[in-house]
There are 2 protein chains.
Amino acid sequence: MPNSTPRRLDDQLCFAFYSVSKKFNHFYQDALKPFHLTYPQYITLLALWETSPMTVRELGSHLNLDSGTLTPLLKRLEKQGWISRKRSDQDERQVNVALTDYALQKRDEVYARVNSCVDLISFDNMDYQQFLGSIHHVMDELDTISDKNLIHES
Amino acid sequence: MPNSTPRRLDDQLCFAFYSVSKKFNHFYQDALKPFHLTYPQYITLLALWETSPMTVRELGSHLNLDSGTLTPLLKRLEKQGWISRKRSDQDERQVNVALTDYALQKRDEVYARVNSCVDLISFDNMDYQQFLGSIHHVMDELDTISDKNLIHES
DNA sequence: AGCAATTTAGTTGCACACGATTAATTACCT
DNA sequence: AGGTAATTAATCGTGTGCAACTAAATTGCT
């Protein structure tokens with residue numbers, strides 16, 4: 001309770017992440033327009049291009065998304081022909097999400113398009129790995145705090 | 001830095017921003033729970049605690065949000081007693097958004113709560129200013145690209 | 001085997017975000 | 001002054017995100 005002066009910097013860090021995230025979203029929305037893909041749909045495909053098939057839960061833990069977000073998103077991807085959804089025979093609670101032949105064929109084309117757009121961003125005079133490390137440090141801190149549930153007391 | 005081969009999801013800058021942004025959102029959602037405020041509502045109040053009143057457009061340019069997002073958000077803030085909305089007399093196209101006495105009274109309490117939560121995050125062994133600078137560098141790059149409309153050709 | 005606890009995906013409701021459009025108002029221009 | 005362009009907020013439609021809940025299937029325990 002001690003400190004009631006607005007802490008500009010911390011708000012700025014949070015707001016900076018918030019703003020950059022939206023800008024990246026817009027950037028990818030443009031880049032992916034030829035394929036009619038949104039950014040969340042794209043990262044879903046990215047995960048599947050790494051490993052397919054996956055259950056909804058496995059996908060969710062890779063992307064930090066729950067079924068409430070994924071189920072409708074996956075239905076849209078299915079309708080557009082990128083993936084198939086089939087209940088597992090071994091465990092009927094699970095749904096296996098697999099890439100279609102169309103998605104496998106389109107992969108390199110999507111990569112090429114995205115890379116050509118990402119190439120436009122200049123990361124000069126910036127230590128990319130250290131930067132990524134700092135972001136992950138913040139991410140880990142936020143995870144630790146929410147695990148500890150320290151926030152909920154008082 | 002970028003090459004033509006697909007990069008792994010975890011290595012990607014955009015995914016890191018996307019993930020941290022969601023975690024920050026969750027963090028603030030917890031911190032602001034006593035006030036029944038969401039993070040976008042909080043930053044709206046933050047802007048107004050700096051300058052009140054503001055038109056919807058002015059607010060939007062501070063927060064990078066358009067009226068499609070702000071109008072319903074402001075209606076919710078109004079219903080909860082934080083702000084008032086009144087069409088301007090000078091220019092009836094504009095709507096002046098002003099803090100209520102309630103919001104002015106609650107300001108320090110909100111600050112204290114947020115600060116006590118932010119205190120839990122440890123930014124040890126991290127060059128904070130350089131980090132914030134890198135984030136803004138990425139933000140500027142993304143702005144430059146979307147301004148140039150380079151993405152839309154090809 | 002029988003039954004409670006757990007796991008999994010889906011559903012619902014709410015709150016952003018934003019593109020596209022609309023309606024009202026104001027500015028501009030000759 | 002009068003008509004067109006520009007500005008402003010609101011509205012609509014689509015797509016996330018996520019908390020809370022539901023239904024079905026599986027696991028675990030006795």
Side-chain angles (χ1 to χ4, degrees), chain A residues 15 18-30 32-33 36-45 53-61 63-80 82-83 85-97 146 152, chain B residues 15 17-30 32-33 36-45 53-61 63-80 83 85-97 146 152:
Chain A
F15 187 67
Y18 168 76
S19 300
V20 173
S21 180
K22 285 195 301 176
K23 282 186 205 300
F24 259 120
N25 191 66
H26 183 264
F27 172 83
Y28 274 86
Q29 218 84 24
D30 278 348
L32 294 165
K33 197 162 284 173
H36 306 290
L37 288 171
T38 66
Y39 178 67
Q41 290 166 4
Y42 165 70
I43 59 172
T44 303
L45 290 179
M54 271 195 280
T55 68
V56 172
R57 205 194 78 74
E58 287 168 333
L59 254 177
S61 68
L63 304 175
N64 301 310
L65 293 172
D66 71 352
S67 66
T69 302
L70 276 177
T71 297
L73 186 153
L74 293 173
K75 282 181 179 173
R76 282 186 279 272
L77 280 179
E78 186 183 34
K79 193 152 79 172
Q80 297 181 258
W82 294 93
I83 62 162
R85 292 158 68 240
K86 202 170 72 71
R87 287 221 107 89
S88 163
D89 291 332
Q90 290 78 29
D91 186 340
E92 295 219 356
R93 289 171 302 183
Q94 300 182 131
V95 166
N96 285 120
V97 180
S146 82
H152 300 296
Chain B
F15 187 66
F17 277 116
Y18 168 76
S19 301
V20 172
S21 180
K22 285 195 300 177
K23 282 184 204 301
F24 258 120
N25 191 66
H26 183 263
F27 172 83
Y28 274 86
Q29 216 84 26
D30 278 347
L32 295 166
K33 196 163 284 173
H36 305 291
L37 288 171
T38 66
Y39 177 67
Q41 289 167 4
Y42 165 70
I43 58 172
T44 302
L45 290 179
M54 270 195 281
T55 67
V56 173
R57 205 193 78 75
E58 287 168 334
L59 254 178
S61 67
L63 305 175
N64 299 312
L65 292 172
D66 71 353
S67 65
T69 301
L70 276 176
T71 297
L73 186 153
L74 293 172
K75 283 182 179 173
R76 283 185 281 271
L77 281 179
E78 186 183 34
K79 193 153 79 175
Q80 296 179 257
I83 62 163
R85 292 158 68 241
K86 203 171 72 69
R87 286 220 106 89
S88 163
D89 292 331
Q90 290 77 25
D91 186 339
E92 297 218 356
R93 290 170 302 182
Q94 300 182 127
V95 167
N96 285 119
V97 180
S146 81
H152 299 296

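Here is the naming used below: chain letters follow the sequence lines, and residue numbers restart at 1 for every chain. Source: prediction; values computed, not measured.
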| request: Please tell me if the side chains of A:Ser88 and A:Asn96 come closer than 4.5 Å, counting only heavy atoms from C-beta onward. | output: yes
| remark: When rounded to whole Å, the CD to C1' distance for the pair A:Glu92 and C:dG10 reads 15 Å
| Protein-nucleotide distance (B:Leu59, atom CG; D:dA9, atom P), rounded to Å | 9 Å
| Between A:Tyr18 and C:dC16, does any side-chain N or O lie under 4.0 Å from OP1 or OP2? | no
| message | On DNA chain D, compare the nucleotides closest to A:Pro72 and B:Asn96; which residue's is nearer the 5' end? | response | B:Asn96
| Across the strands shown, which category fits A:Leu73 at heavy-atom distances under 4.0 angstrom: base, sugar-phosphate, nothing? | sugar-phosphate
| said: Rounding to an integer number of Å, can you tell me how far B:Leu63 CG sits from C:dC18 P? | reply: 11 Å
| B:Asp30 CG - D:dA19 P separation (whole Å) | 9 Å
| Starting at the 5' end of DNA chain C and moving along, which residue's nearest nucleotide shows up first, A:Arg57 or B:Ser88? | A:Arg57
| message | From the set D:dG17, C:dT11, D:dA10, return the single nucleotide nearest to any side-chain atom of A:Leu65. | response | D:dG17
| task | When you get a sec, tell me which of C:dG10, C:dT25, D:dG15 is the closest nucleotide to the side chain of A:Arg76? | result | D:dG15
| query | Looking only at N and O atoms, is any donor in the side chain of B:Thr38 or the base of C:dA15 less than 3.5 Å from an acceptor on the other one? | reply | no
| said: Using a heavy-atom cut-off of 4.0 Å across all strands, would you classify B:Glu58 as base, sugar-phosphate, or nothing? | reply: nothing
| field | C:dA17 phosphate, OP1 or OP2, under 4.0 Å from A:His26 side-chain N/O | value | no
| said: Looking at B:Lys79, I'd like to know whether one of its side-chain N or O atoms comes within less than 4.0 Å of OP1 or OP2 on C:dC14. | reply: no
| query | Nearest of C:dG10, D:dT16, D:dT8 to any side-chain atom of B:Gln94? | reply | D:dT8
| task | Could you walk me through whether B:Leu59 and B:Leu65 pass side chain to side chain contact (heavy atoms under 4.5 Å, CB included), step by step? | result | CA-CA 8 Å; B:Leu59 254 178; B:Leu65 292 172; over 6 Å; no
| request: Please figure out whether A:Gln80 or A:Arg93 has its closest DNA chain D nucleotide nearer the 5' end. | output: A:Gln80
| task | Please examine the side chains of B:His36 and B:Gln41, heavy atoms only from C-beta on, and report whether any two atoms are closer than 4.5 Å. | result | no
| said: Using a 4.0 Å heavy-atom cut-off, does A:Gln29 contact any base of the nucleic acid, only the sugar-phosphate backbone, or nothing at all? | reply: nothing
| note | In terms of heavy-atom contacts, A:Leu63 and B:Tyr18 come closest through O-CE2, 4.4 Å
| Taking CG from B:Leu70 and P from C:dA17, how many angstroms apart are they, rounded to a whole number? | 10 Å
| message | Please tell me if A:Lys86 has a side-chain N or O lying less than 4.0 Å from either OP1 or OP2 of C:dA9. | response | no
| Sub-6.0 Å ring centroid separation between A:Phe24 and A:Tyr39 | no
| task | Name the nucleic acid region contacted by A:Asp66, choosing base, sugar-phosphate or nothing; use a 4.0 angstrom heavy-atom cut-off, strictly under. | result | base
| Separation of D:dT16 P from A:Tyr39 OH (nearest whole Å) | 13 Å
| Below 4.0 angstrom, N of the basic side chain to O of the carboxylate: do B:Glu78 and B:Arg85 qualify? | yes
| Is the distance from OP1 or OP2 of D:dA10 to the nearest side-chain N or O of B:Thr71 less than 4.0 Å? | yes
| query | How many Å lie between CD on B:Gln90 and P on D:dT8, as a whole number? | reply | 14 Å
| task | Counting heavy atoms from C-beta on, name the nucleotide in D:dT11, C:dA17, C:dA9 closest to the side chain of A:Val95. | result | C:dA9
| query | Would A:Gln94 and A:Asp91 satisfy side chain to side chain contact (heavy atoms under 4.5 Å, CB included), going step by step from the backbone distance to the final call? | reply | CA-CA 6 Å; A:Gln94 300 182 131; A:Asp91 186 340; 3.7 Å; yes
| task | Establish, with yes or no, whether the OP1 or OP2 oxygen of C:dG10 is under 4.0 angstrom from a side-chain nitrogen or oxygen of A:Arg85. | result | yes
| query | Out of D:dC18, C:dA17, D:dA10, which has the shortest distance to the side chain of B:Pro40? | reply | C:dA17
| field | For atom NZ of A:Lys23 and atom P of C:dA17, their distance in whole Å | value | 13 Å
